[in-house]
Amino acid sequence: QVQLVESGGGLVQPGGSLNLSCSVSGLDLDYYAIGWFRQTPGKERRAVSCITSAGGNTYYADSVKGRFTISRDNAKTTVFLQMNDLKLEDTATYYCATDASIGAKLRCVTGALEADYWGQGTQVTVSS
């Protein structure tokens with residue numbers, strides 16, 4: 001059974017930091033690109049960041065470049081999103097997702113990941 005479980009969300013003041021984790025089971029992550037998306041009520045889910053299966057290529061939305069860093073651990077079972085200098089507009093539910101279909105690498109690095117599996121989401125609230 002495939003499971004993606006996000007954690008690490010919470011309430012933080014502007015300028016603060018959070019480190020989100022996406023723990024994946026039931027998949028061989030060697031073959032999957034993994035991305036982070038975020039969504040606010042009434043809005044579309046949008047890509048935030050992505051890392052290719054080998055970890056050699058990444059994508060960041062313009063709004064988070066220079067503030068967020070995506071990484072994956074050596075065993076490739078967990079993907080992290082380090083979020084620094086958080087802003088009010090970063091408030092959202094954050095989801096991780098995997099993509100193993102043909103063309104996943106290109107979709108990942110262009111912010112167009114097509115998810116095979118989704119996590120349940122973790123809430124990030126930036127508020128003073």
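In this chain, numbering begins with 1 at the start of the sequence shown. Quantities reported herein were computed from a predicted structural model and do not represent experimental measurements.
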For [range], pull every pair meeting salt bridge (Lys or Arg N to Asp or Glu O under 4.0 Å), keeping only residues two or more places apart or in separate chains.
| range | result |
| --- | --- |
| residues 49-61 | none |
| residues 45-55 | none |
| residues 110-128 | Arg107-Glu114 |

What distance separates [X] [atom1] from [Y] [atom2], expressed to the nearest 0.5 Å?
| X | Y | atom1 | atom2 | value |
| --- | --- | --- | --- | --- |
| Asn84 | Asp90 | CG | CG | 10.5 Å |
| Cys50 | Trp36 | SG | CH2 | 12.0 Å |
| Met83 | Leu20 | CE | CG | 3.5 Å |
| Thr77 | Asp28 | OG1 | CG | 11.0 Å |

Next on the checklist: Donor-acceptor check, side chain of Arg38 to backbone of Ala92, threshold 3.5 angstrom: yes or no?
Outcome noted: no
Item to check | Side-chain donor/acceptor of Ser49 to backbone N/O of Tyr59, under 3.5 Å | outcome: yes
Checklist entry - Asp30 and Ser53: side-chain donor and acceptor closer than 3.5 Å? => result no
Item to check | Modelled atom types, side-chain donor and acceptor of Gln13 and Ser128, under 3.5 Å | outcome: no
Qualifying ring-ring contact (aromatic ring centres under 6.0 Å, His included) pairs with a residue from [range], counting only residues at least two apart or across chains:
| range | value |
| --- | --- |
| residues 84-115 | none |
| residues 7-31 | none |
| residues 106-128 | Phe37-Trp118 |

Do [X] and [Y] have side chains that get closer than 4.5 Å, going by heavy atoms?
| X | Y | answer |
| --- | --- | --- |
| Ile70 | Phe80 | no |
| Thr91 | Thr40 | no |
| Asn57 | Lys105 | yes |
| Cys96 | Val79 | no |
| Thr69 | Leu81 | no |
| Val124 | Leu18 | yes |

Any idea which heavy atoms bring [X] and [Y] closest together, and the distance?
| X | Y | answer |
| --- | --- | --- |
| Ser21 | Thr78 | CB-CG2, 4.2 Å |
| Val126 | Leu86 | CG2-CB, 3.9 Å |
| Leu113 | Gly35 | CD2-N, 3.5 Å |
| Ala33 | Ala104 | CB-O, 4.3 Å |
| Ser17 | Gln82 | CB-NE2, 3.9 Å |

Checklist entry - Among the clusters formed by ILVMFWY side chains lying less than 4.5 Å apart, do Tyr60 and Ile34 turn up in the same one? => result yes
Item to check | Given Ser25, Cys22, Ser23, the one that forms side chain to side chain contact (heavy atoms under 4.5 Å, CB included) with Leu4 | outcome: Cys22
Next on the checklist: Between Thr58 and Thr52, does the side chain to side chain contact (heavy atoms under 4.5 Å, CB included) criterion hold? Intermediate values first, please.
Outcome noted: CA-CA 6 Å; Thr58 57; Thr52 55; over 6 Å; no
Item to check | Heavy atoms of other groups near Glu44 CD, more than 12 under 6.0 Å | outcome: no
Checklist entry - When you look at Asp62 and Lys65, which way does the salt bridge (charged side-chain N to carboxylate O under 4.0 Å, His left out) test go after all the steps? => result CA-CA 5 Å; Asp62 286 344; Lys65 277 181 185 174; 3.1 Å; yes
Item to check | Gln123/Thr93 under side-chain hydrogen bond (donor to acceptor under 3.5 Å, both in side chains): CA gap, chis, key distance, verdict | outcome: CA-CA 4 Å; Gln123 178 67 34; Thr93 302; 2.8 Å; yes
